[in-house]
Amino acid sequence: MPSIGRDDVARLADLARIQLTEEEIARFAGEFDSIMDAVASVSEVATEDVPATSHPLAMTNVLREDVVETTLTQEQALAGAPEAQDGRFAVPQILGEE
Amino acid sequence: MTSRDIIRRSAAAQAAALEAGEVSSEELTRAHLDRIADVDGDLGAFLHVNTDEALTTARDVDSRRAAGEELHGLAGVPIAVKDVVVTEGQPTTAGSKILEGWIPPYDATLVQKLRAAGLPILGKTNMDEFAMGSSTESSAYGPTRNPWDRDRIPGGSGGGSAAAVGAYEAPLAIGTDTGGSIRQPGAVTGTVGVKPTYGSVSRYGLIAMASSLDQAGPVTRTVEDAALLHELIAGHDPHDSTSLPDPVGAYTQAARGKDVKGLRIGVIEELEGEGFAPEVRARFTESLDQLERAGAEIVRVACPNFRYALGAYYLIMPSEASSNLAKFDGMRFGLRVVPEDHPTAENVMKATRGAGFGDEVKRRILLGTYALSAGYYDAYYGSAQKVRTLVQRDFSAAFEQVDVLASPTSPTVAFRLGEKVDDPMAMYMNDIATIPANLAGTPGISVPSGLAEDGLPAGIQFLAPARADERLYRVGGALEALLEDAWGGPLLATAPELTAGATR
């Protein structure tokens, strides 16, 4: 079981796009080791001969008739946006990042 | 009939009073709104109270009834809805700052059904943030308190729904159950909670935490009420690709049967020993004795892989949550925090998610990101999905021997606010008995089993095979009737009176 240190938590936070304080990073690092120790028992029984189940009940593909249905209007879709402009979502600059 | 009398009746009895013309829906709805105004400042069960719209619906139902229109059996009976379920035109936050002030532009399918049937929606109930928790303490808007003892937690994540029903603020409520969030709050507040078979109630319009585990269901004061509400909200929904195409079962009929002769009940050996409080186990055993005397057969059943369920759940759930919550990025809806330095899209996302999510949500997203990361995927997420297979096999083998399985719902009675907030693993252990059903998609019900430590309620859980939800109502309705005969009335009737006008 690899230990999860502060650098690992900082890296995970970066991957998950969550800004954490130094205090949060230190606290989560301490907690994660104990949580991952507790959940590591799954590997004891997860042998090669056991198939994985991704979904609780057997699924079949679901298709419907190809007919036009009502969707949200442009106005409704934009109603909760932090910022909108000319009928579109206005987002911060996405080019020129480091 | 006083408003105190009417709000203490079951939803079925309130519906009968409406039908008989003893009370109008407007009077009934107003009585519940008055109760909320009196006691909710202290309880914190509601995040948003929907006064105007609830009264408008109530008056509409009264008009339609007066005109002789044929109405749904629950028409005019008010209901509360957990704030993880989207409601058009009414705030929906999932207990999170990141959605503060968000007004959804559409209704969840189950909300559409409630509106179509004429149930006034009283408001939105408090919950652990994004349904992550077992105590309703992770809500960004403050905790809900247990009506039995306001220094205690009401369970989680649906503590608001359970407290609202337990405190007579609403006769019915909607909850969601990803690892026990309907059943465990039911157990610790002396109410009834049902997790239906996965896929039998549409998840369209539920803000997803873990899509393969989440399931909406009823929170009520009686088993019959749960059955009535379950029949209303169940059914196939083309908007949800995981929705089962099955017809809705005769749950109410099963709840009213109260006959357990010949029913085989399996006691899960792995879920009654270490970690379960002695008085919780005592109430569990007494409940089984009642059922045995009524003609049920009690047998012991081994489910050896259940001991791995908690570990598997705490890998699968954060993994799915880390993916589902990626949409909360400050771009299209909800909070947006713009940092002063380098306000690029990536930095806005990081700042927004850092400020908008609470500790438990951050903790689970990071765990999920770790469990899904390259190099660890097979060891963690892949292994957990294999445990899911083993848990399903345990259920299948057990249901070859018995009709339903039984265990205490929660290992303990309600703990004190703050008691476990700094110990995530201790908090997670609360879900040890409820989680296997979520991994396997099987239905479960929690029914009050009596008072345990400190005079606080405990619950007994019954589990049935997928698509056999009727069995839950059969055994739950029968046990409720047997215990109420023994107690001389409902357990909730013995709860301490709440003080009107009290504030936190």
Side-chain angles (χ1 to χ4, degrees), chain A residues 2 4 8-9 11-21 24 27-28 31-32 34-48 50-57 59-62 64 69 72-73 75-83 89-98, chain B residues 102-106 198-199 212-213 238 241-242 244 305 307-308 311-312 314-315 322 329-336 338 343-346 348-351 353-355 357 359 362-363 365-367 369-370 373 379-380 382-390 392 424-425 438-441 466:
Chain A
I4 307 173
D8 300 304
V9 172
R11 168 77 178 139
L12 290 169
D14 197 46
L15 288 171
R17 305 283 188 269
I18 300 176
Q19 187 175 302
L20 295 182
T21 62
E24 285 175 316
R27 182 153 44 84
F28 287 142
E31 291 167 357
F32 282 4
S34 64
I35 295 171
M36 294 314 286
D37 280 347
V39 302
S41 63
V42 297
S43 57
E44 291 172 19
V45 287
T47 51
E48 281 189 12
V50 180
T53 297
S54 62
H55 202 270
L57 300 175
M59 298 287 291
T60 52
N61 202 2
V62 180
R64 66 166 173 85
E69 290 192 356
L72 295 181
T73 64
E75 191 180 329
Q76 286 173 317
L78 292 170
E83 197 180 344
F89 293 104
V91 300
Q93 173 192 339
I94 57 170
L95 297 176
E97 296 179 17
E98 289 171 14
Chain B
W102 184 57
I103 309 287
Y106 70 106
Y198 179 82
S212 76
L213 305 164
S241 65
T242 59
L244 294 175
N305 293 297
R307 70 173 66 101
Y308 304 106
Y314 277 97
L315 290 168
S322 70
D329 57 7
M331 296 296 125
R332 287 146 299 159
F333 53 88
L335 181 73
R336 175 182 286 180
V338 181
T344 61
E346 183 174 337
V348 168
M349 284 181 198
K350 286 180 178 173
R353 288 159 68 80
F357 289 145
D359 269 3
K362 289 174 181 169
R363 187 180 288 122
I365 290 175
L366 296 175
L367 280 171
T369 305
Y370 181 73
S373 59
Y380 294 132
S383 295
Q385 297 286 48
K386 290 183 175 188
V387 169
R388 199 166 189 169
T389 306
L390 296 171
Q392 287 185 332
M425 275 317 298
N438 298 82
L439 291 175

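Per chain, numbering begins at 1; letters A, B, ... match sequence-line order.
- With contacts defined as side-chain heavy-atom distances shorter than 4.5 Å, the pair Leu20(A)/Lys350(B) does not qualify.
- Put simply, of Lys362(B), Gln385(B), Arg388(B), the one with the most heavy-atom pairs under 4.5 Å next to chain A is Gln385(B).
- Looking at Met425(B), the atoms closer than 4.5 Å to chain A (heavy atoms on both sides) all sit in the side chain, from C-beta outward.
- In terms of non-hydrogen atom pairs under 4.5 Å with chain A, the most contact-rich of Tyr308(B), Trp102(B), Phe333(B) is Tyr308(B).
- Here the shortest heavy-atom pairing between Leu57(A) and Tyr198(B) reads CD1-O, 3.1 Å.
- Interface remark: Glu69(A) contributes side-chain atoms only to the contact with chain B (heavy atom separation under 4.5 Å).
- For a residue to count as touching a neighbouring chain, one of its non-hydrogen atoms must lie under 4.5 Å from one of that chain's; by this rule Ala16(A) touches chain B with backbone and side chain alike.
- If you take CD on Glu346(B) and CG on Asp14(A), they are separated by 6.5 Å, rounding to the nearest 0.5 Å.
- If you measure heavy-atom distances from Ala440(B) to chain A, the contacts under 4.5 Å come from the backbone alone.
- Listed by chain and residue number, Phe89(A), Lys327(B), Asp329(B) satisfy the side-chain contact (heavy atoms from CB on, under 4.5 Å) test with Arg332(B) (two or more places apart in sequence, or in another chain).
- Taking CD from Gln19(A) and CE from Met349(B), the interatomic distance works out to 14.0 Å, rounded to the nearest 0.5 Å.
- Contact tally against chain B (heavy-atom pairs below 4.5 Å) for Glu75(A), His55(A), Glu24(A): the top residue is His55(A).
- Taking chain A as the reference chain and counting heavy-atom pairs below 4.5 Å, the highest number among Ala351(B), Ala379(B), Gly199(B) is found for Ala351(B).
- Under the 3.5 Å distance criterion, the side-chain polar atoms of Gln392(B) are matched with a main-chain donor or acceptor of Pro56(A).
- At least one side-chain heavy atom of Met331(B) sits less than 4.5 Å from a side-chain heavy atom of Pro92(A).
- Judged purely by atom type and a 3.5 angstrom limit, Lys386(B) uses its side chain to pair as donor or acceptor with the backbone of Thr47(A).
- For chain A, the nearby part of Leu244(B) is the side chain; its heavy atoms alone come within less than 4.5 Å.
- Once rounded to the nearest 0.5 Å, the distance linking CG of Leu12(A) with CG of Leu367(B) reads 8.5 Å.
- Applying the 6.0 Å contact sphere to CZ of Arg27(A) captures more than 12 heavy atoms from other residues, nucleotides or ligands.
- For the residue pair Ala52(A) and Gly382(B), the shortest heavy atom distance occurs at CB-O, 4.5 Å.
- Within the 4.5 angstrom heavy-atom criterion, no atom of Ile103(B) approaches chain A.
- For the salt bridge (charged side-chain N to carboxylate O under 4.0 Å, His left out) test, residues two or more places apart in sequence or in another chain that qualify with Glu83(A) are Arg336(B).
- Shortest non-hydrogen contact noted between Ala345(B) and Ile94(A) is CB-CG2, 3.3 Å.
- In this structure a side-chain-to-backbone donor-acceptor pair under 3.5 Å is missing from Arg307(B) to Ser41(A).
- In this structure, CG on Leu366(B) lies 10.5 Å from CD1 on Ile35(A), to the nearest 0.5 angstrom.
- Looking at Pro238(B), there are no atoms closer than 4.5 Å to chain A (heavy atoms on both sides), in backbone or side chain.
- The main-chain N or O of Thr53(A) is found under 3.5 Å from a side-chain atom of Thr389(B) such that the two form a donor-acceptor pair.
- No other option in Leu439(B), Leu315(B), Ile365(B) has as many heavy-atom pairs under 4.5 Å with chain A as Leu315(B).
- Note: Pro51(A) leads Ala79(A), Ser43(A), Ala77(A), Pro51(A) in heavy-atom pairs under 4.5 Å with chain B.
- Interface remark: Gln76(A) contributes backbone and side-chain atoms alike to the contact with chain B (heavy atom separation under 4.5 Å).
- The minimum heavy-atom distance between Val42(A) and Ala312(B), with the atom names listed, is CG1-N, 3.3 Å.
- Of the two parts of Ile18(A), the backbone and the side chain both hold a non-hydrogen atom closer than 4.5 Å to a non-hydrogen atom of chain B.
- If you measure heavy-atom distances from Ser373(B) to chain A, you find no contacts under 4.5 Å at all.
- Counting heavy atoms from C-beta on, the side chains of Phe28(A) and Asp359(B) come closer than 4.5 Å.
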